[in-house]
Amino acid sequence: VEFKNIATAGRSARLLSAISKEDQWTVDNDRVVELGRPLGIRKHELLGLLDILASEGLVQTGIDGAVWPLVGQPPR
């Protein structure tokens, strides 16, 4: 995975980690915003970060804004 800068890589990685730790395999958009807040990721940054993660095959996003990771294992 190649990123334009180290800050984008770090923010993307932290967001992916937070999404992957959720109990639900599909995370709705409002929850993604909540997950990003303590990481210092603003709501307007999320779409770009999610686009990067999706383009690298790490997450998939739905029309309704839901996100689910394509790495790791689904929760039991």
Side-chain angles (χ1 to χ4, degrees):
V1 178
E2 228 175 278
F3 292 93
K4 292 184 181 184
N5 65 52
I6 195 75
T8 302
R11 289 169 113 56
S12 298
R14 289 192 317 264
L15 182 61
L16 178 60
S17 177
I19 292 169
S20 297
K21 290 178 184 175
E22 286 294 284
D23 290 335
Q24 299 296 317
W25 193 239
T26 301
V27 183
D28 69 36
N29 190 47
D30 291 338
R31 181 66 181 145
V32 173
V33 171
E34 288 176 29
L35 292 171
R37 195 171 293 129
L39 300 173
I41 299 171
R42 296 177 189 98
K43 186 176 180 177
H44 70 274
E45 296 175 292
L46 286 172
L47 184 57
L49 294 175
L50 291 172
D51 284 346
I52 290 169
L53 293 172
S55 72
E56 296 297 333
L58 299 171
V59 300
Q60 189 168 359
T61 57
I63 295 171
D64 60 356
V67 177
W68 53 97
L70 299 176
V71 294
Q73 298 294 320
R76 295 178 216 170

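One is the number of the first residue; the rest follow in order along the sequence.
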Open item on the list: Suppose we screen for side-chain contact (heavy atoms from CB on, under 4.5 Å). Which residues come up paired with Ala66, at least two apart in sequence or across chains?
Closed with: Thr26, Asp64, Trp68
- [ ] For the pair Glu34 and Arg31, find out whether any cationic side-chain nitrogen is under 4.0 Å from an anionic carboxylate oxygen.
- [x] yes
- [ ] Answer with yes or no whether the hydrophobic clustering places Val33 together with Leu47; edges join I, L, V, M, F, W, Y residues whose side-chain heavy atoms lie under 4.5 Å apart.
- [x] no
Task: Contact check, side chains of Val67 and Asn29, non-hydrogen atoms, under 4.5 Å - done: no
Open item on the list: Less than 4.5 Å apart, side chain to side chain, heavy atoms only: is that true for Val32 and Val59?
Closed with: no
TODO: Give, for atom CG of Asp51 and atom OG1 of Thr61, the distance between the pair rounded to the nearest 0.5 Å.
DONE: 7.0 Å
TODO: For Arg14, check salt bridge (charged side-chain N to carboxylate O under 4.0 Å, His left out) against everything at least two apart and list the hits.
DONE: none
Task: Ser12 (side chain) donor-acceptor with Ala9 (main chain) under 3.5 angstrom - done: no
- [ ] Mind checking the CG-CG spacing from Leu39 to Leu46? Nearest 0.5 Å is all I need.
- [x] 9.5 Å
Open item on the list: Quick check: do Leu15 and Leu50 have side-chain heavy atoms less than 4.5 Å from each other?
Closed with: yes
